[in-house]
Protein chains: 2
Amino acid sequence: MTEPLDPAMFDGCSDIDLPIRFRNKWMGKILLCLEDGRRRYSELQIPLKGITPKVLAESLRALERDGMITRIAYPGMPPRVEYELTELGRSLREPREVWCKWVDAHVHELLRARMEAEGDLRDLNAS
Amino acid sequence: MTEPLDPAMFDGCSDIDLPIRFRNKWMGKILLCLEDGRRRYSELQIPLKGITPKVLAESLRALERDGMITRIAYPGMPPRVEYELTELGRSLREPREVWCKWVDAHVHELLRARMEAEGDLRDLNAS
DNA sequence: CAGTATCCCAGAGGATACTG
DNA sequence: CAGTATCCTCTGGGATACTG
């Protein structure tokens, strides 16, 4: 039989808890957008449909603080700023791709499960 | 040079957007707790230090709706309920481990980056 | 034991307008 | 162009008490 769970199971185990910053809605997309080269602020806004300037700026600052990206500002008018992945930021590619592969492979099961759950709810409401 | 970013970059690309449910604070830990066997509700509360019954119940319902776990209720008094990973739930192990390995390998760089950022802030405040 | 039922709050994220 | 500044909403998650 399975052993009892250790109360200290996660002590010193930052592995699971740390990625709070990656629970950010846009992080994954921003990182992906930067994966094939430097991008300007305004360039990022295009594929990131719906992101507001405030949220994009905040997300970029957070990624910068975490050492995931570098901000490169060119002096002059009009301003020109580019963002680029650091080595650390680039190293995220592998885990992200593994995750994406999982989703590709299982998204249908997941959606089906959710739809069945919805169906059950409808049944309940109907009764 | 890098090509312009496609405005429709994420169209039909659920890969990045879908895991909203996994942005849940406790999902990773719950899944991990279930990884080596069935667990009772009360057993889960122990390593998940600090989780409230409401949040644990909500998380379990969500995981169930997504087809990640199964709820097994034994009739009788006092009640006894066990949770178990489904095949789908078990398949999450690999991506989770890849992610954990990334954190293990890079947590120091991340923490150092954050501390440096803090330092910069202090410098600013001091000036 | 395995949960609900209530109430509450911080903070993530959005809308809009403005600026060096 | 590359952001700030404000204001606002919403909901994930916590605290506490109660129950079949």
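Keep in mind the model is a prediction, meaning the values are calculated, not measured. By convention in this document, chain letters (A, B, ...) are assigned in the order of the sequence lines, proteins followed by strands, and residues within each chain are numbered from 1. As a basis for the values below, the full set of heavy atoms in this structure was taken, side chains included, without hydrogen atoms, waters or symmetry mates.
- Listed nucleotides: C:dG3, D:dG3, D:dC1. Nearest to the side chain of A:Pro79: D:dC1.
- Side-chain nitrogen and oxygen atoms of B:Tyr41 include none within less than 4.0 Å of the OP1 or OP2 phosphate oxygen of C:dT4.
- With a cut-off of 3.5 Å on both pairing distances, the Watson-Crick or G-U wobble partner of D:dT9 is C:dA12.
- Both B:Thr52 and A:Met77 lie close to DNA chain D; mapped to their nearest nucleotides by heavy-atom distance, the more 5′-ward contact belongs to A:Met77.
- Distances shown here put a side-chain N or O of A:Asn24 below 4.0 Å from the OP1 or OP2 atom of C:dG13.
- When the side-chain nitrogen and oxygen atoms of B:Arg61 are compared with OP1 and OP2 of C:dT4, one or more of them lie within a distance under 4.0 Å.
- Here A:Tyr74 lies out of heavy-atom contact (under 4.0 Å) with every strand.
- A sub-4.0 Å separation between OP1 or OP2 of C:dA2 and a side-chain N or O of B:Arg40 is present.
- Taking a pair to require two hydrogen-bonding distances under 3.5 Å in either a Watson-Crick or a G-U wobble arrangement, C:dA17 pairs with D:dT4.
- Atoms CG (A:Leu48) and P (C:dG14) sit 10 Å apart, rounded to a whole Å.
- Considering only side-chain N and O atoms, B:Arg71 lies nowhere under 4.0 angstrom from the phosphate OP1 or OP2 of C:dA2.
- The CD1-P distance, from B:Ile51 to D:dT16, rounds to 16 Å in whole Å.
- Inter-residue side-chain proximity for A:Pro53 and A:Tyr41 is flagged as met; some heavy-atom pair is nearer than 4.5 Å.
- Considering only heavy atoms from C-beta on, A:Leu48 stays 4.5 Å or farther from B:Leu5 through its side chain.
- Nucleotide D:dA2 holds its P atom 15 Å from the CD1 atom of A:Ile30, rounded to whole Å.
- The two atoms that bring A:Ala62 and A:Met27 nearest to each other are CB-CE, 4.0 Å, heavy atoms only.
- Separating the CG atom of B:Leu56 from the P atom of D:dA15 is a distance of 14 Å, rounded to the nearest angstrom.
- Atoms CG (B:Leu60) and P (D:dG13) sit 13 Å apart, rounded to a whole Å.
- OP1 or OP2 of C:dA2 has not a single side-chain nitrogen or oxygen of B:Arg80 nearer than 4.0 Å.
- Mapped onto DNA chain C by nearest heavy atom, B:Pro53 and A:Val55 fall at different nucleotides, with B:Pro53 at the one closer to the 5' end.
- Atom CE of B:Met27 is separated from atom C1' of D:dG13 by 12 Å (rounded to the nearest Å).
- The backbone N or O of A:Ala117 lies less than 3.5 Å from no partner atom in the side chain of B:Arg65, so there is not a single donor-acceptor pair.
- Rounding to whole angstrom units, CD1 of residue A:Ile72 and C1' of D:dA2 are separated by 15 Å.
- Between the P atom of D:dA2 and the CD atom of A:Glu58 lies a distance of 18 Å, rounded to the nearest Å.
- Side chain A:Lys54 to base D:dG3: no donor-acceptor pair is found below 3.5 Å.
- Within a 6.0 Å sphere centred on CD of A:Glu84, other residues, nucleotides and ligands contribute more than 12 heavy atoms.
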